[in-house]
Amino acid sequence: MGKLVIVGTLAFDAIETPFGKTDKILGGAATYIGLSASQFNVDAAIVSIVGGDFPQEYLDLLSNKNIDISGVEIVKNGKTFFWSGKYHNDMNSRDTLATELNTLADFNPIVPEDYRDADIVMLGNLHPLVQLSVLNQMTVKPKLVILDTMNFWMDCALKDLHTVIKKIDVITINDEEARQLTGEYSLVVAARKIHSMGPKYVVIKKGEHGALLFNGDNVFFAPALPLEEVFDPTGAGDTFAGGFAGYIAKTGDTSFENMKNAIIHGSTLASFCVEKFGTERMQDLSNKEVHKRLLQFKQLTQFEIELA
Ligand code: AMP
């Protein structure tokens with residue numbers, strides 16, 4: 001079983017969806033990635049930063065999932081990163097109402113010694129120079145480096161983003177962001193352009209419309225599971241990425257064929273994330289529930305067709 005390093009935000013989120021509104025609750029890319037990857041019992045560590053206002057119980061929640069948090073810096077007099085967003089009625093798009101970097105503005109990530117030889121590195125959505133710094137601390141070349149990013153960093157740090165994108169293997173990005181990064185409407189053309197920027201594998205997330213995996217001329221598509229209850233899509237992309245990374249870390253197989261399964265695991269875990277506000281649904285998700293949903297996924301996508 002492989003080691004996994006995750007860098008990303010531990011945050012307070014305030015979320016509004018057509019179904020309700022929350023005050024500051026636990027959020028952050030690394031939180032969702034970690035909770036999702038912990039389903040695979042891999043040796044995972046989070047590298048992040050929080051302020052003195054971040055409750056110990058949130059850190060305990062991660063530790064209790066066997067996630068190493070020795071790489072989480074606590075700035076006693078500082079404030080934790082805060083993000084607030086409001087979803088439109090279709091829940092596929094949202095407006096960011098506030099992004100307060102707080103302690104994140106001066107984040108200098110330190111990867112714990114024990115994780116500098118990790119097999120898989122998951123660079124969660126953060127300033128590209130922070131992502132690069134984590135990569136530069138690895139003493140052994142990782143088997144796979146996965147990067148997630150968003151329009152915020154394209155708007156304010158595009159040059160640095162290109163520098164880090166050049167050095168990674170897999171990028172996970174949503175459809176709108178893929179179009180912004182490449183200036184192309186067609187996702188096939190956009191994926192080809194992103195390949196030419198560095199990553200051999202391009203995963204384009206399309207929210208409730210599933211995800212595409214491109215590797216040169218190889219393409220794989222997985223739908224999202226049709227759900228009865230969707231309360232809050234926050235963190236679905238990170239949960240997907242955490243499931244993808246966790247499955248690859250567990251299996252140690254970075255082939256395109258295995259990545260297809262990683263996509264299915266990522267989509268399955270993301271389908272739970274959206275059922276409740278914030279991280280609530282992910283906090284005590286059982287293996288049994290996940291297994292049942294994987295079976296549903298198989299049934300949804302399998303068919304026999306007679307071709308003449
Ligand atoms: P997702 O819905 O998968 O895009 O992820 C939502 C999470 O990303 C929230 O929990 C936020 O705390 C976090 N987030 C939002 N904006 C940023 C940002 N600019 N940098 C890092 N993390 C962010």
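Counting convention: from 1, in listed order, for ligands and their atoms alike. Each residue takes its place number in the sequence, starting with 1.
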S.K.: For T9, is at least one N or O under 3.5 Å away from an N or O on ligand 1?
M.R.: yes

S.K.: Within the structure, does G235 bring an N/O atom to less than 3.5 angstrom of an N/O atom in ligand 1?
M.R.: yes

S.K.: Any ion pair linking R281 and E229 (charged N to carboxylate O, less than 4.0 Å)?
M.R.: no

S.K.: For residues 138-150, tabulate all N or O donor-acceptor pairs below 3.5 Å that involve a side-chain atom, not counting sequence neighbours.
M.R.:
from, atom 1, to, atom 2, distance (Å)
T139, OG1, R116, O, 3.2
K143, NZ, G252, O, 2.7
D148, OD1, T172, OG1, 2.7
D148, OD1, K205, NZ, 2.9

S.K.: Under 30°, 30 to 60°, or over 60°: which ring-plane class applies to F231 and F19, parallel, tilted or perpendicular?
M.R.: perpendicular

S.K.: I want to confirm something. Looking only at heavy atoms, which of Y87, Y32, W153 is nearest to atom 20 (N) of ligand 1?
M.R.: W153

S.K.: Which atoms of ligand 1 sit under 4.0 Å from any heavy atom of G28?
M.R.: 9 (C), 10 (O), 12 (O)

S.K.: Donor-acceptor pairs under 3.5 Å, side chain of residues 232-241 to any protein atom, not counting sequence neighbours: which ones?
M.R.:
from, atom 1, to, atom 2, distance (Å)
D232, OD1, T234, N, 2.9
D232, OD1, T234, OG1, 2.6
D232, OD2, G278, N, 2.9
T234, OG1, Y87, OH, 2.8
T239, OG1, G235, O, 2.7

S.K.: For T99 and ligand 1, does the shortest N/O to N/O distance drop below 3.5 Å?
M.R.: no

S.K.: So if I count the atoms of ligand 1 from 1 in the order they appear, which ones are less than 4.0 Å from some heavy atom of G27?
M.R.: 10 (O)

S.K.: Is G237 in polar range of ligand 1, meaning some N or O pair under 3.5 Å apart?
M.R.: yes

S.K.: Any nitrogen or oxygen of D238, main chain or side chain, under 3.5 Å from a nitrogen or oxygen of ligand 1?
M.R.: yes

